[in-house]
J.: 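Sharing a structure with you now.
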Amino acid sequence: MKKIMLVFGTRPEAIKMCPLALECAGRQELTTVVCVTGQHTQMLWPALDYFGVAPAYDLAVMKDEQTLADITAAVLLKLTPVLAAEKPDLVLVHGDTTTALAAALAAFYRQIPVGHVEAGLRTYDLAAPYPEEFNRRGVGILARYHFAPTEWAAGNLLREGAAPERVFVTGNTVIDAIRTTLREDYSHPELDWAAGGKLILVTAHRRENIGRPMEGMFAAIRRLAEDFPAVRVIYPIHKNPQVRRIAERYLRDNERIRLIEPLEVFDFHNFLRRCYIILTDSGGLQEEASAARKPVLLMRDGTERPEGIEAGIVRLVGGDQERIYGEVARLLTDPAAYASMITGKNPFGDGFAAKRIADILVGLKD
Ligand code: UD1
Ligand code: UDP
């Protein structure tokens, strides 16, 4: 029986890895061990609880105002004895976080094969997203198996020299997750507050945006709330204290803006389903919005998920205040522009990615 260890540590990794952990745990041919690094705490555990995944290990690495070096060093040092004790046949990591890079490196140092879930995403710009573009490329070099969500991502890996027999197109497990969360009869007091208006759901947290770019983004959001009486803004703020300080400065004390704590994934997906526009710099929201058929204005200059742009559901609006204001205003006032964004198909998967990955794991010979 193969022993598979899934290692992850942040909110988005939990949302995308829990469906896979559950699928693997249901297979007789696999022994499944979940180890969380605890890169996030408050934002990680609600997702684990929602999916009913109980980790065997919590490395509890998070500290206030942590640096990338803090996370990398702590994961390497704390994961190594766990790998020595458990001796997994394969370590699965996800995406592009520092947890993913450090966990893959720890496995590599012990010569344990690595499988990379959500492999092959690229901007080919090491500055954006930072440091995630390096993290995913680093993991890609170490990984023996690559589970690419789309053909485009698989194509990147093949062009970079990955062995074709070890690159699998599976869909993204986030679509598996969102299949379980959406409810027709959902209600929430914050949505009652926004009822009758046009709800803009905001998230922002990218490291390269912290500072000036984020100030411009939030200034644009404030102006939109001031200028358009129908607008309601809900922003569940990331726990990063640097992000919180900027949000407090620009967005507090406006009757059309609600700054709230991070929502549990069940709530967040249902907010997503009911909003009018998503304004974000997030990675995963580009995929979820495609599934929920909501337009995303992406406050970045590029994306590792061009499929959303091709499908029309995602539009890049950069970090410039005037541009963000103009693009949101257009969607608020031009029904044809709005409708044109939500006609395409969801390119990120069909909700069975975890099943495909588990089938592949069961069948692996080397
Ligand atoms: C990390 C990932 C990013 C991912 C994001 C998801 C890296 C380099 N970045 O960025 O790719 O998009 O997670 O949200 O891995 N904090 C708390 N409580 C929490 C979570 C975070 O207090 O539950 C604080 C931490 O103490 C830290 C700050 O927020 O000081 C930032 O967290 P960190 O994990 O370092 O980076 P993220 O920006 O969250
Ligand atoms: N999310 C959540 N609660 C929130 C905001 C986001 O559960 O209040 C979820 C969202 O559904 C998505 C993930 O968090 O699955 C995205 O995480 P984030 O934007 O922090 O990271 P990224 O995807 O950019 O790596």
Side-chain angles (χ1 to χ4, degrees), residues 8-19 36-51 60-72 74-75 93-103 118 121 128-136 138-139 172-178 181-182 188 190 201-210 214 234-245 258-273 275 278 280-289 291-292 294 296 298-300 303-305 348:
F8 53 90
T10 64
R11 170 176 68 189
E13 292 170 280
I15 293 166
K16 293 170 163 180
M17 286 292 253
C18 282
V36 294
T37 64
Q39 178 177 337
H40 287 174
T41 53
Q42 300 97 325
M43 288 166 46
L44 173 74
W45 282 90
L48 292 165
D49 292 343
Y50 171 75
F51 288 102
V61 304
M62 198 190 92
K63 54 184 196 181
D64 286 345
E65 312 267 355
Q66 61 196 2
T67 64
L68 297 171
D70 289 330
I71 308 166
T72 310
V75 171
V93 299
H94 183 278
D96 55 18
T97 64
T98 294
T99 281
L101 179 72
E118 199 180 85
L121 279 61
Y130 172 86
E132 289 82 2
E133 178 65 13
F134 172 74
N135 289 347
R136 58 185 162 232
V139 175
N172 197 306
T173 54
V174 80
I175 309 299
D176 303 27
I178 204 168
T181 50
L182 297 180
H188 190 286
E190 295 293 349
L201 187 59
V202 174
T203 80
H205 72 283
R206 299 243 80 83
R207 262 186 173 68
E208 66 274 17
N209 286 338
I210 292 173
M214 201 168 272
I234 296 181
Y235 176 12
I237 320 179
H238 192 285
K239 281 287 184 190
N240 187 332
Q242 292 177 282
V243 173
R244 291 188 160 225
R245 284 192 283 271
R258 299 286 262 247
L259 298 181
I260 61 174
E261 287 302 312
L263 290 163
E264 294 193 14
V265 60
F266 172 73
D267 294 304
F268 189 78
H269 283 173
N270 282 290
F271 274 49
L272 196 86
R273 172 75 165 269
C275 75
I278 298 156
T280 188
D281 65 4
S282 163
L285 261 68
Q286 298 168 59
E287 298 146 353
E288 292 167 338
K294 295 293 175 178
V296 179
L298 186 61
M299 297 185 289
R300 292 165 56 174
T303 176
E304 59 289 299
R305 296 164 167 90
F348 294 110

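Just follow the structure's listing: the first ligand is 1, and inside any ligand the first atom is 1.
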J.: Sequence neighbours excluded, which residues qualify as side-chain contact (heavy atoms from CB on, under 4.5 Å) partners of Gln66?
T.: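 Checked Gln66 against side-chain contact (heavy atoms from CB on, under 4.5 Å); matches are Gln39, Met62, Lys63, Asp70, Ile71.
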
J.: Heavy atom to atom 6 (C) of ligand 1, shortest distance: which of Pro46, Ser282, Pro12, Pro131 holds it?
T.: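 Shortest heavy-atom distance from atom 6 (C) of ligand 1: Pro12.
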
J.: Partners of Thr72 by side-chain contact (heavy atoms from CB on, under 4.5 Å), sequence neighbours excluded?
T.: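 side-chain contact (heavy atoms from CB on, under 4.5 Å) list for Thr72, sorted by chain: Thr98, Ala102.
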
J.: Hey, is ligand 1 close enough to Thr99 that some N/O pair sits below 3.5 Å?
T.: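 Min N/O separation from ligand 1 is not below 3.5 Å for Thr99.
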
J.: Could you tell me whether some N/O pair between Arg11 and ligand 1 is separated by less than 3.5 angstrom?
T.: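 In this structure, Arg11 places no N or O atom under 3.5 Å from an N or O of ligand 1.
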
J.: State whether Arg206 and Glu132 are salt-bridged, where the test is any N-O pair (Lys NZ or Arg NE/NH1/NH2 against Asp/Glu carboxylate O) under 4.0 Å.
T.: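 Salt bridge flag = yes for Glu132 with Arg206.
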
J.: In terms of ring plane angle, is the pair Tyr50 and Phe266 parallel, tilted or perpendicular, where the classes change at 30° and 60°?
T.: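 The rings of Tyr50 and Phe266 lie parallel, inter-plane angle below 30°.
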
J.: So, regarding Asp64 and ligand 1 (criterion: nitrogen or oxygen to nitrogen or oxygen, under 3.5 Å), is there a contact or not?
T.: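 Not met; the criterion fails.
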
J.: Suppose I only count heavy atoms of Glu132 and a 4.0 Å limit; which atoms of ligand 1 are within that range?
T.: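 Near Glu132, the atoms of ligand 1 are 2 (C), 3 (C), 7 (C), 8 (C), 9 (N), 11 (O).
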
J.: So, 4.0 Å and heavy atoms of Ile71: is ligand 1 close enough to count as a contact?
T.: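 A heavy atom of Ile71 does come that close to ligand 1.
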
J.: Non-hydrogen atoms of Gln242 versus ligand 1: any pair closer than 4.0 Å?
T.: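 Under 4.0 Å: no for Gln242.
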
J.: Under 3.5 Å, is there a donor-acceptor pair between the side chain of Thr280 and the main chain of Thr203?
T.: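 Yes; judged by distance alone, with no hydrogens or angles, the pair exists.
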
J.: Of all the atoms in ligand 1, which lie at a distance below 4.0 Å from a heavy atom belonging to Gln42?
T.: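 Going through ligand 1 atom by atom, the ones under 4.0 Å from Gln42 are 17 (C), 18 (N), 19 (C), 22 (O), 23 (O).
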
J.: I'd like a table of the close N/O pairs between ligand 2 and the protein (anything under 3.5 Å), one pair per line with both atom names and the distance.
T.:
residue, atom, partner, partner atom, Å
ligand 2, 3 (N), Leu263, O, 2.7
ligand 2, 7 (O), Leu263, O, 3.4
ligand 2, 8 (O), Leu263, N, 2.8
ligand 2, 11 (O), His269, NE2, 3.3
ligand 2, 11 (O), Glu288, OE1, 3.0
ligand 2, 11 (O), Glu288, OE2, 3.0
ligand 2, 14 (O), Arg11, NE, 3.2
ligand 2, 15 (O), Glu288, OE2, 2.5
ligand 2, 19 (O), Ser282, OG, 2.8
ligand 2, 20 (O), Arg11, NH2, 2.9
ligand 2, 23 (O), Ser282, OG, 3.3
ligand 2, 23 (O), Gly284, N, 2.7
ligand 2, 24 (O), Arg206, NH1, 3.0
ligand 2, 24 (O), Ser282, OG, 3.3
ligand 2, 24 (O), Gly283, N, 2.7

J.: Considering only non-hydrogen protein atoms, determine which one is nearest to atom 23 (O) of ligand 1 and report residue, atom name and distance to 0.1 Å.
T.: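 Looking only at protein heavy atoms, the one closest to atom 23 (O) of ligand 1 is Met43 N, 2.9 Å.
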
J.: Which is closest to atom 4 (C) of ligand 1 by heavy-atom distance: Lys239, Glu65, His205?
T.: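 Of the listed residues, His205 has the closest heavy atom.
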
J.: Can a non-hydrogen atom of Lys63 be found less than 4.0 Å from any atom of ligand 1?
T.: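 Contact check Lys63 vs ligand 1: positive.
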
J.: Do any nitrogen or oxygen atoms of Thr10 come within less than 3.5 Å of a nitrogen or oxygen of ligand 1?
T.: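 No, there is no polar N/O contact under 3.5 Å.
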
J.: Using the test side-chain contact (heavy atoms from CB on, under 4.5 Å), find all partners of Pro46 that sit at least two apart in sequence or belong to another chain.
T.: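 With neighbours one apart ignored, the set is Glu264.
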
J.: Any nitrogen or oxygen of Thr97, side chain or backbone, less than 3.5 Å from one on ligand 1?
T.: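 Such a contact does not occur with ligand 1.
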
J.: Could you tell me the residue and atom name of the protein heavy atom closest to atom 10 (O) of ligand 1, and the distance to it rounded to 0.1 Å?
T.: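 Answer for atom 10 (O) of ligand 1: Arg207 NH1, 4.0 Å.
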
J.: Which atoms of ligand 1 have any heavy atom of Leu68 under 4.0 Å away?
T.: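 Near Leu68, the atoms of ligand 1 are 8 (C).
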
J.: Can you classify the ring geometry of His238 versus His205 as parallel (below 30°), tilted (30 to 60°) or perpendicular (above 60°)?
T.: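 Ring orientation of His238 relative to His205: parallel.
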
